[in-house]
Amino acid sequence: MVQSFAAHIQTLQRQVEETLSLLEPEGIRIDAVLFHSGTEGVYFGDDKHIPFEAHAHYMRWVPVARPDQMVLVQPHKKPRYFQVVPTDFWYEQTFNVASWWADSFEVVPLSDPNQIMDLLPSNRRIAFMGENTAFASQMGLPSNLHNERHLRNRLDYHRSVKTPFEVEQIRIANQHALKGHEAAHQAFMAGKSEWGIHMDYLLAAGMTEFDTPYTNIVAVNEKSAILHYQNKRMTNPGQNHLLLIDAGHRANGYCSDITRTYTQDSVHPVMTALCEGVNKLQLHLVDQVRPGISYIELHEQAHAGILDLLLEHDVVRGSRSQLEEDKVSSLFYPHGTGHLLGLQVHDVSGHFKDETGILAPPPEDHKFLRLTRQMEPGMVFTVEPGLYFIPVLLDPKRNDTNTFNWSLIDQLIPFGGIRIEDNILVTEQGQTNLTR
Ligand code: GLY
Ligand code: MN
Ligand code: MN
């Protein structure tokens, strides 16, 4: 761990140095970058704290998800970590400083963030990266360098290719999540409620509600067709037919994002077959991942595969080319095939054409696709095809009795939908599935 973290920091240091020297000829002179973790907030009209999320640009340097932490990065100098531990008797303030990461920094303990004012190099053009730009102004950092766009775009672009340390964290986050998924499967088979399944997931994955990278989606039966279903019904809906669970974990801030769909014997046999089909399709898509492939192409393959399944199981009827032209697969598969994954579940720069931040937006017909880039070794993203029976999308087509097999669709709507999601690392030769 010590070695891989030290190498990770060396990579980040080099990225900052190269970026600053690239920007200088463009007239953007930056001598140092101060990464800020963020400041704790409270809800409007309340003194209750909003759960704190450290800013990813900072977290990439220091694995301490605490407010008011800062890292000063200067070319050819060891980065300085300003470790703010307030003198406070209301909340736990001490935290572990482990040598595996702390050795990569000059650690400067502070009891108040304002103490940094006397410690920053004077007469230097310091770029501030973080949400609290009012604090940056208070420190006298030039406002044109607050989250300076050229710098931020380049660093965002680099974040898509993970260092070996980062890949290891995502792998660990997957291992923990998988323990939760196994327990969730058992809970579902035992007939537990969504809430019961969720609690078993947390227990087995070894985490609290606050540690999940996103709100767990634990959807039984028809609720699985609600893409971001957030409720946890506390009572069993009568009979557990199908479970869609989308739940992750975090390791030093890095996320896993995994979805599984399970069925019981009581589910409609076509739903079981579709579930097997989506599983197979997902594995086939993962197999296509390799450097140089465009993610848009993978997404198009996913749509072709979903249309195959719909035709094979007589959910829709008609000529393939007409169905493609009518974009029928999008009614059953309305989301993107995946997204970059890292410190953010939907990691940034999925739409970047290059490091300057010029955008490559998704195709008009696939506006929810979060990733349009060419695959590169070191990228980590999800591959998550799905097939759903979503009344709000299907109902407007009720008059089309030629294309849609309504009697079958109406039998399948109570079982909701299917999604299978793994986390994939692009390698020089192809890919590694970090989830299986
Ligand atoms: N868990 C959110 C997603 O799969 O994108
Ligand atoms: Mn995802
Ligand atoms: Mn997910």
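In this chain, numbering begins with 1 at the start of the sequence shown. Remember, it's 1-based here, ligands and their atoms both numbered in the order they're listed.
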* Taking the six-membered ring for Trp and the full ring for Phe, Tyr or His, determine whether the centres of H181 and H185 are under 6.0 Å apart. => no
* Pair E17, Q13: side-chain N/O donor-acceptor within cut-off below 3.5 Å -> yes
* Of the protein's non-hydrogen atoms, which lies at the shortest distance from atom 3 (C) of ligand 1, and what is that distance? -> D257 OD2, 3.3 Å
* Asked: Taking N or O atoms only and a 3.5 Å limit, does R370 qualify as a polar contact for ligand 1?
  -> no
* Tell me whether the centres of the aromatic rings in H241 and H268 are closer together than 6.0 Å. => no
* Hey, is the Mn ion (ligand 2) within less than 2.8 Å of some N/O/S atom on H346? -> no
* Say whether D246 and ligand 1 are in contact under the criterion: heavy-atom distance to a ligand atom below 4.0 Å. => yes
* Do R233 and E222 sit within salt-bridge range, that is, some charged N less than 4.0 Å from a carboxylate O? -> yes
* Asked: Is the distance between the ring centroids of H49 and Y91 less than 6.0 Å?
  -> yes
* Asked: If only atom types and distance count, is the side chain of W406 paired as donor or acceptor with the main-chain N or O of D400 below 3.5 Å?
  -> yes
* Member of V328, N405, I409 meeting the side chain to side chain contact (heavy atoms under 4.5 Å, CB included) criterion with V315 -> I409
* **Q69 and Y81: side chain donor to acceptor below 3.5 Å** => yes
* To do: Check all N, O or S atoms of D257 and name the one closest to the Mn ion (ligand 3).
  => OD1
* To do: For the Mn ion (ligand 2), find the closest N/O/S atom on E384 and give its atom name.
  => OE2
* Any idea which protein heavy atom is nearest atom 5 (O) of ligand 1, and the distance to it? -> H346 NE2, 2.7 Å
* **Numbered atoms of ligand 1 (with element) below 4.0 Å of E421, judged on heavy atoms** => 4 (O)
* **ligand 1 atoms in contact with H339 (distance to a heavy atom under 4.0 Å)** => 3 (C), 4 (O), 5 (O)
* Kindly give the atom name of the N, O or S atom of E421 closest to the Mn ion (ligand 2). => OE2
* Distance filter under 4.0 Å to Y214 heavy atoms, resulting ligand 1 atoms -> 1 (N)
